[in-house]
Amino acid sequence: MINRRTFLGSAIAAAAAVPGIAQQSPWGSPVLDIHVHFRQGPVTNFDHIEGSGVTKAVLLTPVSSEEQAKAAVEQHPNRFVRFAQMDVRKPDAADVIKKSVKDGAIGIGEIKFHLPLDGPEMRRLYAVAGEMNVPVLVHFQEVDHFNGEGVFSSGFSRLPAILKEYPNTTFIGHADAFWANISADVPQNIAYPTGKVKPGGLTDRMLADYPNLYGDLSANSGRNGLGRDPDFTAGFVARHRNKLLFGSDCSCRDGHGAGQVSQEPLIKGKCVARETLTTLKQSASPEVFRKITWENGIKLLKISV
């Protein structure tokens, strides 16, 4: 007999090596996109993952759209799983989270509210995520993108204390502050810093020091973090090969850039999934690429393959 850890590791390796899956993917191995916001209407999530060459995707679903997301998962069981999004400021948030997980959600998020990351509402969320044994994906933003937007899950420098306080909760970090802090030099008024990375950044250190923290490479923030200093990126992805997760958070319609609304230079008119995957291919060995784009997410989210 083999123990559960050994069995799971063997299953993941076997799934990643299935020739049919690898041959169907334009990326040379299967790809799990952990950051796809649930869409309704004629332009669907299926169109996007088909166009971008993604094998399977996590639908980040507001509880108001939960039934529609369930239908999408049932229609394409080999292509979709789902997280649950809810307003953590509401007094029944804990009960809503528990119900969604019991109904099939395998994670919580994206959580994006004008709240401090260590406020009572967020602490309640972390506790429930730990209790239900599902990860929570949090948007960390310290700089307005436009006048009056505000910040989200603020107080990034205090995140280490939260990671210590909730060791049984798995956190997936995402967005501007998370990826700006791969560098020890972080401008206070720039959402997407450019140029050389100064070693010793808080995010880099936390990924090394805290087993309950993972990084979601989605959106312009992740793409910018990977692209700003290629020499640093090669070492960063190798160093954190077991802690990084591919995600897109892309607004394009077809997985090729049509309808992309962002004006940021790295992704303007482009599919974020394709841009990020291309950068990863250039920065990582095939083994590390496969870990970041497939194996890490499959293992963390306990997805059957």
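Position 1 is the first residue of the sequence; numbering continues from there.
- In terms of modelled atom types and a separation under 3.5 Å, the side chain of Asp254 and the main chain of Gly51 share no donor-acceptor contact.
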task = Give the C-alpha distance, both sets of side-chain angles, the deciding distance and a yes or no for side-chain contact (heavy atoms from CB on, under 4.5 Å) between Asn224 and Trp179.
result = CA-CA 8 Å; Asn224 184 72; Trp179 293 112; over 6 Å; no
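- Neither side chain, Gln188 nor Glu142, offers a donor N or O lying under 3.5 Å from an acceptor on the other.
- Here Asp185 does not pair with Lys196 in a salt bridge; the nearest charged N to carboxylate O distance is not below 4.0 Å.
- Ile162 and Val151 are not part of a single hydrophobic cluster, where members link through side-chain heavy atoms under 4.5 Å apart.
- In this structure, Cys250 and Cys271 have side chains that are in contact, with non-hydrogen atoms separated by less than 4.5 Å.
- With respect to Glu121 and Arg124, no salt bridge is recorded, no charged nitrogen being found less than 4.0 Å from a carboxylate O.
- Side-chain atoms of Asp249 and His37 form a donor-acceptor pair, as typed in the model, at a separation below 3.5 Å.
- For the pair Ser153 and Val138, the tightest heavy-atom approach, listed with the atom from each and the gap, is OG-CG1, 3.3 Å.
- Cluster membership check: Leu280 does not share its hydrophobic cluster with Val272, using side-chain heavy-atom separations under 4.5 Å among Ile, Leu, Val, Met, Phe, Trp and Tyr.
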message = Please determine whether side-chain contact (heavy atoms from CB on, under 4.5 Å) holds for the pair Asn45 and Phe80, giving the CA-CA distance in whole Å, both sets of side-chain angles, and the decisive distance to 0.1 Å.
response = CA-CA 9 Å; Asn45 297 113; Phe80 293 125; 3.8 Å; yes
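- The line from CD1 of Ile292 to CG of Leu217 is 6.5 Å long, rounded to the nearest 0.5 Å.
- In this structure, the side chains of Ile108 and Pro135 stay at 4.5 Å or more apart for every pair of heavy atoms.
- Proximity of Arg253 to Gln260: side-chain heavy atoms (C-beta onward) are nowhere separated by under 4.5 Å.
- Counting all heavy atoms, side chain and backbone alike, Pro30 lies closest to Trp294 at O-CB, 3.3 Å.
- Residues Phe113 and Phe178 share a single hydrophobic cluster, defined by chaining ILVMFWY side chains whose heavy atoms lie under 4.5 Å apart.
- The backbone N or O of Asn78 lies less than 3.5 Å from a partner atom in the side chain of Lys56, making a donor-acceptor pair.
- Here Leu277 contributes atom CG and Ser52 contributes atom OG; the two are 7.5 Å apart, rounded to the nearest 0.5 Å.
- Between Ser183 and Arg228 the shortest heavy-atom distance is CB-NH1, 4.1 Å.
- Not a single donor-acceptor pair under 3.5 Å links the side chain of Arg89 to the backbone N or O of Leu115.
- Between Thr170 and Val136, the closest side-chain pair of non-hydrogen atoms is not below 4.5 Å.
- To the nearest 0.5 angstrom, Glu149 atom CD is 10.5 Å from Asn147 atom CG.
- Between the side chains of Asp176 and His145, at least one donor-acceptor pair of N or O atoms lies under 3.5 Å.
- In this structure, the side chains of Thr276 and Leu226 come closer than 4.5 Å at one or more pairs of heavy atoms.
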key: Full working for side-chain contact (heavy atoms from CB on, under 4.5 Å) between Asp33 and Val58   = CA-CA 6 Å; Asp33 186 341; Val58 177; over 6 Å; no
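- Checked by atom type, the side-chain pair Asp103/Ser100 shows no donor-acceptor distance below 3.5 Å.
- Glu264 places a side-chain heavy atom less than 4.5 Å from the side chain of Tyr192.
- Side chain of Thr55 to backbone of Val31: a donor-acceptor contact under 3.5 angstrom is found.
- When all heavy atoms of Leu202 and Ser157 are compared, the closest pair comes out as CD2-CA, 3.9 Å.
- Salt-bridge formation is not detected for the pair Asp92/Lys90: no Lys NZ or Arg NE/NH1/NH2 atom is positioned less than 4.0 Å from an Asp or Glu carboxylate oxygen.
- Of the inter-residue distances, the one linking Glu295 atom CD with Arg290 atom CZ reads 5.0 Å to the nearest 0.5 angstrom.
- Separating the OH atom in Tyr126 from the CD1 atom in Ile111 is a distance of 9.0 Å, to the nearest 0.5 Å.
- Phe171 places none of its side-chain heavy atoms less than 4.5 Å from the side chain of Leu137.
- Panel note: side chain Lys281, backbone Trp27; a donor-acceptor pair is recorded below 3.5 Å.
- Ring geometry, His139 versus His174: the interplanar angle exceeds 60°, so the pair is classed perpendicular (tilted spans 30 to 60°).
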task = Start with the C-alpha gap between Thr44 and Arg39, add the side-chain angles, then the distance that decides, and say whether side-chain contact (heavy atoms from CB on, under 4.5 Å) holds.
result = CA-CA 6 Å; Thr44 67; Arg39 307 177 184 189; 5.9 Å; no
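- Between Asn220 atom CG and Ile267 atom CD1 the span is 4.0 Å, to the nearest 0.5 Å.
- A side chain to side chain contact (heavy atoms under 4.5 Å, CB included) with Val101 holds for exactly one of Val134, Val96, Ile106; it is Val134.
- Under the side chain to side chain donor-acceptor pair (under 3.5 Å) criterion, the residue pairs touching residues 234-245 are Asp204-Arg239, Asp204-His240, Asn242-Lys291, with sequence neighbours excluded.
- For Asp229 (side chain) and Gly195 (main-chain N/O), no donor-acceptor pair under 3.5 Å exists by modelled atom type.
- Atom NZ of Lys99 has 12 or fewer heavy atoms from other residues, nucleotides or ligands within 6.0 Å.
- Side-chain contact check for Val81 versus Val73: every heavy-atom pair is 4.5 Å or farther apart.
- Crowding of Lys198 atom NZ: a count of heavy atoms from other residues, nucleotides or ligands under 6.0 Å not exceeding 12.
- Val36 and Ala57 make their closest contact through CG2-CB, 3.8 Å (heavy atoms, listed as atom of the first residue, atom of the second, distance).
- When all heavy atoms of Arg274 and Gly255 are compared, the closest pair comes out as NE-O, 2.8 Å.
- Each of Phe152 and Val186 belongs to its own hydrophobic cluster when Ile, Leu, Val, Met, Phe, Trp and Tyr are linked at side-chain heavy-atom distances under 4.5 angstrom.
- Remark: the Asp216 side chain and the Ser218 side chain contain an N/O donor-acceptor pair separated by less than 3.5 Å.
- A donor atom on one side chain and an acceptor atom on the other are found under 3.5 Å apart for Ser65 and Gln40.
- The main-chain N or O of Leu266 is never found under 3.5 Å from a side-chain atom of Arg223 such that the two would form a donor-acceptor pair.
- Residues Val143 and Phe140 fall into different hydrophobic clusters, defined by Ile, Leu, Val, Met, Phe, Trp and Tyr side chains chained together at heavy-atom separations under 4.5 Å.
- A salt bridge links Glu66 with Arg82: the closest approach of a Lys/Arg side-chain nitrogen to an acidic carboxylate oxygen falls below 4.0 angstrom.
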